[in-house]
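For reference, the structure discussed in these notes is given below.
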Amino acid sequence: MTTEYVYLDNAATTPIKPQVRKAMLPYLTEEAFGNPSSAHRVGRRARSGLERARRSVAHALGAEPRDVYFTSGGTEADNLAVIGTALASKARGGPFRVAVSGLEHKAVLDAAHAVEGLGGEAVVLPVDRGGRVDLTALDAALARGLAVVSVMWVNNETGLIPNAADVARRCEAAAVPFHTDAVQAVGKVPCNVTLMPISLLTVSGHKIGAPKGIGALIVRDHDLVEPLIHGGGQQSGIRPGTENVAGAVALGVAVELATREREQAATATSALRDDLEERLRRAIPGLQVHGAHADRAPHISSVSVPAADAESLMMHLDMAGVACSSGSACSTGTVSISHVLSALGVPDELAVGTLRFSFRLENRASDVDRVVETLPGAVEKVRKLTEQLQR
């Protein structure tokens, strides 16, 4: 990748921050590479780094160190939260039923459907065009009994901020555990387990400058969750297996940095997002911004271009040195519409032309300039080609 390449896909993944790389290096070398369960000197060094990372994550997110369980990433943490809580409820003789919003990441939605495959039930709660969960539907599900409710803090495709706090308070009143996927919230919006009644919270490292393959689940009541894997008993048996010490150290530093830089990053990224959207609206007839008048996180812009498919637009942008992502997936000649856009009521013909631009603190105004210089021409080319093919 050259220095001229504009990277605006930060909601997908981010580069490792220099401070994070420096912090993890000793745990990849002879200095502290040991197994943290070992009693010798190198093992103790690894254990010290692991527990320091646990304290860092806990402090940044308002939890206790004993509540932090390191995982291989957000997907594993979401699965542990949804399936593990459902299994624990079933084991206690409670409901084997989970409820999730229609906006959830596939890690949560598919985990809910996995509960169905195990003989349980999954309830998918509808949302309005602003991403807010239908509270009447939630109340009906709570009245039937639930093992857990999961509503994300920030949506990964649109940046919309659902009414998670309202959902959490209703869950608390019904004595039902509440889980939130905060993967896109940490470092973007105020994110702390004390801000609402949260039982479980998911965080992922590679969205905030740590490497891929590390995440954590905050579990505030250890009796809530049954383990999904079994082994040596590490992490109280809830998530056994030799810990990824270097990854945990990286996550600890990344969460600290993200929390410390949040306000600065929010100011910078929201300015870039708003500038991009305003200029694209003027340059591209019919362009729509999803959630423009709703509560959104500052770093994500989801736009739809009528009469153009996102995959073709992305190809043109990539050739011009711009990375972004789409709101649909193209496979074997067919287009699969994003379940998030469908849940928000976006028509299929508009959803197929959806692009997501996502920013981080290091992005600059010149990055927006490149998109604005490139995308209108790409839209014109794609529309002309589409018209020719339809004749």
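If you're wondering where the values come from, they're calculated on a predicted model, not measured in any experiment. Numbers here simply count residues along the sequence, with the first being 1.
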Check your understanding: Counting only N and O atoms by type, is there a donor-acceptor contact under 3.5 Å from the side chain of R97 to the main-chain atoms of G145?
Key -> yes
So, E261 and R360, do they make that salt bridge, N to O below 4.0 Å?
no
Item to complete: Taking T29 for its side chain and P26 for its backbone only, find out whether a donor-acceptor pair lies under 3.5 Å.
Response: yes
Going through the distances and angles, do V368 and F359 end up as a side-chain contact (heavy atoms from CB on, under 4.5 Å)?
CA-CA 10 Å; V368 172; F359 300 87; 4.1 Å; yes
*Connected via hydrophobic side-chain network under 4.5 Å: M152 and L146*: yes
Nearest heavy-atom contact between P65 and A58 is N-CB, 3.5 Å
Report task. May I ask you to decide if L138's main-chain N or O and R170's side chain share a donor-acceptor pair within less than 3.5 Å? Result -> no
Check your understanding: Take atom NE2 in H316; do more than 12 heavy atoms of anything else shown fall under 6.0 Å from it?
Key -> yes
Task: H290 and S304: CA distance, side-chain angles, deciding distance, side-chain hydrogen bond (donor to acceptor under 3.5 Å, both in side chains) verdict - done: CA-CA 8 Å; H290 300 299; S304 282; 2.6 Å; yes
Note: E380-K384 ion pair, threshold 4.0 Å (strictly below): yes
**Request:** Apply the test side-chain contact (heavy atoms from CB on, under 4.5 Å) to residues D275 and V372: give CA-CA distance (whole Å), side-chain angles for both, the deciding distance (0.1 Å), then the verdict.
**Result:** CA-CA 10 Å; D275 184 41; V372 176; over 6 Å; no
ask   = Less than 4.0 Å between a side-chain N and a carboxylate O, is that true for D166 and R132?
value = yes
Between S302 and E157 the two heavy atoms that sit nearest each other are CB-O, 3.6 Å
Is the backbone N or O of A265 less than 3.5 Å from a side-chain atom of T269, with the two atoms forming a donor-acceptor pair by type? yes
Residues at least two apart in sequence or cross-chain that pass side-chain hydrogen bond (donor to acceptor under 3.5 Å, both in side chains) with S366, listed by chain then number, are none
Discussion item. Quick one, V167 with L135, criterion side-chain contact (heavy atoms from CB on, under 4.5 Å). Give me CA distance, side-chain angles, the key distance, then yes/no.
Written reply: CA-CA 7 Å; V167 174; L135 296 179; 4.1 Å; yes
NZ of K212 to OG1 of T13, rounded to nearest 0.5 Å, is 3.5 Å
Would you please test S326 and E311 for side-chain hydrogen bond (donor to acceptor under 3.5 Å, both in side chains) and show each step? CA-CA 7 Å; S326 70; E311 299 300 319; 3.0 Å; yes
For P162 and N155 the tightest heavy-atom approach is CD-N, 4.5 Å
Side-chain touch D67/H222, heavy atoms, less than 4.5 angstrom: yes
_side-chain contact (heavy atoms from CB on, under 4.5 Å) assessment of S338 paired with T354_ = CA-CA 9 Å; S338 158; T354 299; over 6 Å; no
In this structure, CG of L276 is separated from CG of D369 (nearest 0.5 Å) by 10.0 Å
Open item on the list: What I want to find out is whether R220 reaches E172 closely enough, with some N-O distance under 4.0 Å, to be called a salt bridge.
Closed with: no
With T158 as partner, the option from L341, V346, I300 fulfilling side-chain contact (heavy atoms from CB on, under 4.5 Å) is L341
Is it true that a side-chain atom of D139 and a backbone atom of T136 form a donor plus acceptor pair closer than 3.5 Å? no
Review point. Does the R239 side chain pair with the main chain of T71, one donor and one acceptor, at a distance under 3.5 Å?
Key: no
Output for pair (E226 CD, S89 OG), nearest 0.5 Å, gives 10.5 Å
Query raised in the report: Is there a donor-acceptor pair closer than 3.5 Å between any side-chain N or O of R364 and the backbone N or O of E362?
Result: yes
Q.
Quick check on the hydrophobic clustering: are L251 and I238 connected, directly or via other members, by side-chain heavy-atom contacts under 4.5 Å?
A. no
Between R47 and P36, the two heavy atoms sitting closest are NE-O, 3.1 Å
Output for pair (L103 CG, I161 CD1), nearest 0.5 Å, gives 12.5 Å
Handout entry: Cluster overlap V108 with V203, hydrophobic side-chain contacts below 4.5 Å
Key = no
Let me check something: do M196 and V127 share a hydrophobic cluster, defined by ILVMFWY side-chain heavy atoms less than 4.5 Å apart, either directly or through other members? yes
Do S204 side-chain atoms and G73 backbone N/O form a donor-acceptor pair below 3.5 Å? no
On a heavy-atom basis, the closest approach of V151 and T180 is O-OG1, 2.8 Å
- Item | Residues, nucleotides or ligands: over 12 heavy atoms within 6.0 Å of H293 NE2 | no
Separation between CG (L280) and CG (L355), nearest 0.5 Å, reads 9.0 Å
*Are L118 and V225 grouped together when hydrophobic residues (ILVMFWY) are joined by side-chain heavy atoms under 4.5 angstrom apart?*
yes
- Query: Does some side-chain heavy atom of K17 sit less than 4.5 Å from a side-chain heavy atom of V253?
  - Reply: no
With a cut-off of 6.0 Å (strictly less than), are more than 12 heavy atoms of other residues, nucleotides or ligands near CZ of R92?
yes
Between T202 (side chain only) and D181 (backbone N and O only), is there a donor and an acceptor less than 3.5 Å apart? no
Requested in this report: Look at the side chain of N363 and the backbone N and O of Y7, then say whether any donor-acceptor pair between them is shorter than 3.5 Å.
Outcome: yes
In this structure, CH2 of W153 is separated from CG of N192 (nearest 0.5 Å) by 7.0 Å
